[in-house]
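Along the sequence shown, residues carry numbers from 1. The figures here come from the full heavy-atom set of this structure, side chains too, leaving out hydrogens, waters and symmetry mates. Because the structure is a prediction, the values reported are computed rather than measured. All ligand and atom numbering here is 1-based and tracks the order in the structure.
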Amino acid sequence: MDKKKYLIPFSGLALLACGNEVQEKPNIIYVFPDQFRNQSLGFWNDEEYSGHVRWQADPVRTPNLDGFADESLVLSRAMSTCPLSSPYRGMFLTGMYPERSGVTLNCMALRPESTLNPEAECISDVFAANGYSCGYIGKLHAETPMKNDPANPGHYVSDRNPEWDAYTPPERRHGFSYWYSYGTYDVHKDPHYWDTEGVRHDPHEYSVKHETDKAIEFLRNENGEREDGAPFFLALAYNPPHSPYECLDDCMAEDYELYKDMSYSELYVRPNADTTLSKAPSARYYFANVTGVDREFGRLLAELEKLGLDKNTIVVFTSDHGETMCSQGTLDPKNSIYTESFNVPFMIRYPGKIRHRVDSTLLSTTDIMPTMLALAGLGDRIPETAEGRNLAPLLMETGECDIPDAALYIRNLDGEKDKEGIVSGFFPVARGIKTDRYTMEIAINRDMELDRVLIFDDWNDPYQMDNISWKENPELFSGLCGILGRKLEEANDVWYREDILGILNLK
Ligand code: CA
């Protein structure tokens with residue numbers, strides 16, 4: 001891949017500052033609930049923020065996230081490159097596109113090839129090698145399930161067929177020395193986890209609350225969770241507001257109270273939502289979990305402050321992908337280029353180093369790993385294998401860097417299946433881009449023919465209700481295809497290597 005050079009004119013000054021004082025390495029807390037869409041942040045309707053987006057926020061109560069936004073850099077256009085659980089997690093951990101991270105599809109036992117490359121140098125490997133204590137709490141979902149149940153050797157962790165959940169043994173934890181995690185499991189009030197020693201825990205309580213309790217123990221270092229005096233990197237991966245979202249088993253009653261009496265016209269503020277879909281009642285439970293996550297995130301921040309750690313801790317709040325929630329007539333919450341699925345929250349608070357503001361930089365998932373390492377002062381330790389951009393100079397306003405003019409979108413399907421249903425490889429069904437103004441997706445069928453093209457003008461049609469005809473707008477289409485071609489080349493994507501745009505006669 002053709003790595004662009006970054007111009008950082010102030011690096012000499014940074015060296016001088018380092019010579020005069022010993023800079024304490026910052027801690028990092030990276031919080032990423034699952035399926036939390038950017039539109040479900042209440043502050044977007046507030047005066048300071050509403051002018052930065054062209055849509056209305058959901059009618060959610062998120063007071064802690066609103067307060068956090070006021071102290072953070074808020075990115076309005078962070079995009080989930082491949083908006084699906086496992087591919088996101090592979091990209092976040094490695095800074096690589098799915099083809100190189102190893103995670104091309106959602107991990108489960110019938111897709112053994114889609115799994116985090118054990119040799120990949122992950123963000124946590126780098127932090128650990130540079131003196132950090134690394135902890136992982138919550139949902140991992142980046143590895144194929146293996147027959148390695150610590151309590152039942154030679155078996156999967158459950159008898160679900162096919163198995164989705166997974167146990168990650170110590171040799172595959174990539175520098176995370178504190179572990180309290182699982183693969184994927186969607187019972188929000190009866191979660192389970194395997195700890196550092198491989199012991200399973202079934203706490204029988206709301207997972208977001210339980211994981212926050214564990215994170216607080218980690219911050220307090222109550223039981224030797226981390227090395228005393230060393231900086232830490234904590235990844236906290238809540239599962240809610242992920243589905244299921246159908247009844248009071250799926251959220252806390254106190255949060256549901258806020259939404260239970262709201263009508264569909266109050267719940268669904270997006271004109272592209274179809275409330276005749278069977279999923280329509282889910283909004284109340286989804287928003288309840290948004291508020292549940294908000295409350296627990298607030299409790300985490302309060303503890304951080306109480307412990308006096310807030311000033312030297314970088315805190316990020318984001319998500320792996322969004323949730324369509326009846327928009328665009330689809331029942332699939334994710335894995336589409338529609339903005340509800342593709343656009344995720346991204347707020348970063350670094351007191352004294354990153355100024356509060358709203359910024360429209362098109363952040364891609366592969367940019368996160370190099371950027372986080374550089375924010376922590378480890379810019380020269382970014383692995384050669386990382387494929388995203390280091391945007392730290394832009395976020396910290398310390399220098400110039402290569403600002404992305406578009407964000408790539410990737411959607412894969414299962415490759416060939418054998419008689420047992422075991423999948424090999426993947427089929428790259430669609431690729432797309434988000435530019436400053438437009439969203440475009442090109443999808444193919446399995447005969448490598450053009451299936452459909454979506455083009456939306458996000459300035460004038462923020463709810464993406466009018467698909468602009470590519471045939472009637474050849475100049476616009478060809479310009480967008482040119483940008484897509486360049487992004488595919490930059491990502492060394494299979495669409496570039498196999499010249500799929502050329503095969504489709506779109507170059
Ligand atoms: Ca997910």
Side-chain angles (χ1 to χ4, degrees), residues 30-41 78-94 97-98 101-109 111 114-116 136-145 160 162-166 168 181-188 191 193 207-208 211 235-246 250-251 279 282 285-287 289-290 292-293 296-297 316-325 327-328 330-346 363-366 368 409-414 426:
Y30 189 89
V31 182
F32 59 121
D34 193 310
Q35 216 154 300
F36 195 121
R37 68 185 189 182
N38 191 29
Q39 296 82 7
S40 284
L41 290 166
M79 312 312 288
S80 178
T81 305
C82 182
L84 198 58
S85 273
S86 305
Y88 170 89
R89 291 151 201 272
M91 281 185 274
F92 155 59
L93 289 167
T94 67
Y97 289 96
S101 77
V103 193
T104 51
L105 300 162
N106 258 351
C107 300
M108 57 101 123
R111 300 180 184 127
S114 180
T115 193
L116 183 64
Y136 197 101
I137 296 174
K139 175 175 182 173
L140 180 68
H141 203 200
E143 283 207 308
T144 190
R160 201 154 55 139
E163 183 59 89
W164 282 72
D165 200 2
T168 299
S181 177
Y182 62 100
T184 180
Y185 184 70
D186 296 328
V187 184
H188 299 328
Y193 310 87
S207 62
V208 187
E211 289 161 29
L236 176 54
Y238 297 136
N239 193 31
H242 190 282
S243 49
Y245 26 46
E246 284 157 26
D250 302 329
C251 65
K279 191 177 174 178
S282 294
Y285 302 99
Y286 179 76
F287 293 156
N289 271 322
V290 162
V293 165
E296 295 301 326
F297 181 65
V316 172
F317 183 91
T318 183
S319 184
D320 59 349
H321 52 79
E323 158 70 62
T324 53
M325 194 49 73
S327 286
Q328 301 292 357
T330 176
L331 291 173
D332 192 341
K334 53 208 165 192
N335 209 19
S336 61
I337 200 166
Y338 300 124
T339 186
E340 295 88 352
S341 151
F342 193 21
N343 183 205
V344 288
F346 202 98
L363 178 87
S364 293
T365 309
T366 45
I368 296 170
Y409 166 79
I410 293 174
R411 177 153 51 98
N412 296 327
L413 294 178
D414 285 342
F426 66 91

Around the Ca ion (ligand 1), number of protein N/O/S atoms which are nearer than 3.0 Å: 5
Just by distance, no angles: are the side chains of Gln35 and Tyr286 close enough, under 3.5 Å, to form a donor-acceptor pair? no
Less than 4.5 Å apart, side chain to side chain, heavy atoms only: is that true for Phe32 and Ile368? no
Any side-chain heavy atom of His188 within less than 4.5 Å of one from Cys251? no
Sub-6.0 Å ring centroid separation between Phe92 and Tyr30: yes
Is there a donor-acceptor contact under 3.5 Å linking the side chains of Asn106 and Ser85? no
Taking side chain as C-beta onward, heavy atoms only, is Asp34 less than 4.5 Å from Arg89? yes
